[in-house]
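Contents: one structure, followed by commentary.
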Amino acid sequence: MKTFTFRKGGIHPPQCKNTAEMPITPAPQAPLLTLLLSQSIGAPSKPVVKPGDKVAAGQPIAEPGGFVGAWVHSPCAGTVKKIETVRTPQGYPAEALTIERDPQSTEVFSYPPMNPADASSEDLVARVREAGIVGLGGATFPTSVKLTPPKGMTPRCVILNGAECEPYLTCDDRLMREHAPEIAEGAFCLMRAVGVRHCYIGIEDNKPEAIAAMREAASQYSGMEVCVLRAKYPQGGEKQLIAAILGREVPSGALPVSVGAVVDNVATAFAVQQAVVLGKPLTGRVLTITGEGALNPGNYYVELGTPLTSLLQTDERVDKIIGGGPMMGRAMSNLDTPTTKGLSGVLTMCLGSMPDIQPCIRCGACYSACPMGLEPMLLARQSENSDWEYAARSGVMDCIECGSCAYTCPSNRRLLDWIRYSKTQVRKLKS
Amino acid sequence: MTTFWLTILILGVTGLLAAVVLYAVAKKFYVYEDPRIAEVEELLPGANCGGCGFKGCHDFATACATATSLEGLNCPGAGKGGMDAIGILLGMTVTAGIRKVATLTCSGGCAKRPLVNKFSGPASCSIEASVYSGETLCAYGCLGGGDCVRACPHGAMHINPETLLPEVDSARCTGCGVCVKACPRSLMRLSEVPQSYHTVVRVACANHDRGPAAMKACEVSCIGCGKCKKACENGAISIDRFCASIDPTICNRCGACVEVCPRQTILVKQIAEFQRQ
C-alpha cells in the first residue's frame, strides 16, 4: 500500500492511543453552561442576548466581532443568567455568558436544511458562518473565512485532515469510525462551497478501521479519495499534510490556498454536514479524556460550556493537566473553566517531577527534528537575547509550534516556549 | 640572497601602496565631528539606557553639543554633578529636570500570596506570562522571574530573598525606564519625585479583579473599596476597575491614605539621593 508522508524532520513519539476502542458517549449534561465569548481566533464575539432572556437550544447568543470571528450558540434551552468575567484554563480573565438549563423546555432553534448538491457556494459559506463553525482541530480559525479565498487564488482541492498525529487523542479516530458517511457528506459540502472537484482525506496508517470506514463512505462521491499517511508527528500539520498529499510546499508567509489547497479537520467536516444538511449550529464537540491519571477515560460528546470539573475525574497522582494533546496542547492551571470549541482533549499526566533544564550542547537534534527546516536552537537563543529582528530574518514566523524540537532536546530545553514568545514579539514589532 | 631582497622589496612596495590607498580613502571620506561631542560623551555614564529619551549616550551628546540651550536635556544617569560639568563644558546653564524613580506596583511576596501550582519552564517572566497567569491566583501580580533585574543597566535592582519580589535601590535608579519595558505585566512604573519630597506614596497592587477574587488571591491586594479616595484631600487617587492608583505629581505625601487602607496595600517608599556610580 502506498503511504504518503512529508520529508523534512518529524519525530515518532509513543502513540498512547489508549481510548481508541472506546465509543463516543454523550457526557452528562451540566445544569449551568458557561460560554466564553472568545472561542475562535480573531475578535471576541459580542453578546446579542441580555441577562434574563429565554433562549432555545441552538439559538445564536453572540455575534462575530469582525470578519475573522464566529457566532456562538446556546447548546441548551434555558435562561441567560449573566455576562461575567471568568478565568480561562490558563488563568487569565475572559468574558463569558452563563446559561441556566431549563430541563422542562424542549424548544429547539435550527436553520432551514439545505441540499448540498444544489445549494450555491455563497449559501453554503453563509451557512457555515451563521452556524459558528471554526476549525475543530485546535486552531479554531473560522471555517467560513477559509472557504472564502482571497482574490486571485483559486482552490483546486479540499484536503480533510484525519491524521490525528498527536499522541493520546482519539476523538477524530472515533468520529471517522462512527460517523464516516456524515463526514464524507460534509466534505462534499466543503467541495461545493469552494467549487472544486477533488477531495483528499488524509488518515495515518495507525487507524486502519477509520481508513476502511472512510474509504467506503468516500466511494459514494466522485473525486473523493482516502490517502493513507505514514504515522509520524506532525503529519497532521496543515503544511505537512499538503506536502505529503500534494507534494507541494506552502511558501513562507503564504496561505495554503496559494498552492490550491483548502485544509479542514474531519471534525469540522462533520460540523459542516450537521449545519448544512440538518441545519444544526455548532454547539458541541467530541473530546477525549485520557492520560494515566484519568479515572473516566473515553471519548465524549460534550456541550460547549460544560465545566471541566463536572467532566473530569482524576486521581491524586495527577500533577499536570493539559488541554489538547501532549505535543501542542497547553497546560491548564485552572480547572474551573468551561469546554470550548477548540478543546479536543483533556490529558492528565503523572510525571512526578519535570527534568531540569541543562545548557545546550549543540548536538543539532532539534535541527533534524524540525519539520519546517528551521533552526530551533538559534531561534531560542535569539529570543533569549530579545533580538526580534534577527529572529524575524531567521524565519521564526514559519514555526508551526509542533514542539518536535523541545521533544528531542537531550538537555530538556524549553525551546518552544522561547520560540512562541519570540513569535508574539515579532508580531508586535510588525504591527 | 636574492630571495631575501625580493621579499623585502615586494612587502615594502605592497605596504607603501596600502598606505597611499588608506591615506587617500581617509582624506576622501573624512567626516568632521564636533570634538565637544566626544568630550560630553566622556562625562556620560555610557550605559546607553535611553533614560534621556535619546537612542544612546552618543545621540544625547550630539544633541547637547548642537543645542542652543540645555533646557529639556537631562541625563538621569549622570546626576546633577554630571549635568553641571556638561553645562560648564558647553558654556550653558543647566535646568534641573524632575527626578524619576522606578517602583514596583505589587507587594504580594511569597508569604502574602499562596502558590496554587508550579511553573517548570525557563526562568523568565516574559515566558511565564505568555504561557499562563502564574503560580498564584493573581493574574496581574509580579511573577518574580527577574526580567527587570537582568534588564537594569545600572545595577539598581535585586530580588529580595525573603519576599522573592524585585526591589529598586533608589540611590542607583536613574529612572531610565528599561525595567518598565522589560516587565511583561507593566508592574514597574516611573514615579516623579519633585525636589521637595523624599518619598513616593504608591498603591502597590495592580489587581483588577473584583473584591472577593482579589482578597482570595492575595493578602495585600487592592479591592477598590475607595476609602483612600475619600481620605485624599487633593484628589490624587483614582480607581480604575477595582484598583486604586495615586498620581505622584498631585500627591502631597500627607499619608492619610496609608492609614485608612484596610489591606495595607498603600506603601511609602523612601527615595535616597541619587549617587553616581
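To find a chain, count down the sequence lines: A is the first, B the second, and so on, and within it residues start at 1.
A 6.0 Å sphere centred on CD of B/Glu33 holds more than 12 heavy atoms belonging to other residues, nucleotides or ligands. Heavy atoms of other residues, nucleotides or ligands lying less than 6.0 angstrom from NZ of B/Lys269 number more than 12. In this structure, A/Lys423 places its NZ atom where more than 12 heavy-atom neighbours from other residues, nucleotides or ligands lie under 6.0 Å away. Counting non-hydrogen atoms of other residues, nucleotides and ligands closer than 6.0 Å to CD of B/Glu42 gives a total of 12 or fewer. Heavy-atom neighbours of A/Tyr92 OH from other residues, nucleotides or ligands within 6.0 Å: above the threshold of 12.
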Worked check of side-chain contact (heavy atoms from CB on, under 4.5 Å) between B/Asp209 and A/Arg87:
CA-CA 11 Å; B/Asp209 281 340; A/Arg87 279 164 184 268; 2.7 Å; yes

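Between B/Arg150 atom CZ and A/Ser386 atom OG the span is 10.0 Å, to the nearest 0.5 Å. Taking OG1 of A/Thr85 as the start and CZ of B/Arg210 as the end, the distance is 7.0 Å to the nearest 0.5 Å. Here the OG-CD distance, from B/Ser130 to A/Gln425, works out to 9.0 Å after rounding to the nearest 0.5 Å. Here A/Leu416 contributes atom CG and B/Ile127 contributes atom CD1; the two are 9.5 Å apart, rounded to the nearest 0.5 Å.
At a threshold of 4.5 Å between non-hydrogen side-chain atoms, the residues A/Trp418 and B/Ser124 count as touching. In this structure, A/Arg414 and B/Ser120 have side chains that are in contact, with non-hydrogen atoms separated by less than 4.5 Å.
The nearest pair of heavy atoms linking B/Ala139 to A/Gly91 is CB-O, 3.7 Å. In plain terms, the two heavy atoms of B/Pro122 and A/Asp417 that are nearest each other are CD-OD2, 3.6 Å.
With a threshold of 4.5 angstrom between heavy atoms, B/Ala123 does not approach chain A through any atom at all. Looking at B/Tyr140, the atoms closer than 4.5 Å to chain A (heavy atoms on both sides) all sit in the side chain, from C-beta outward.
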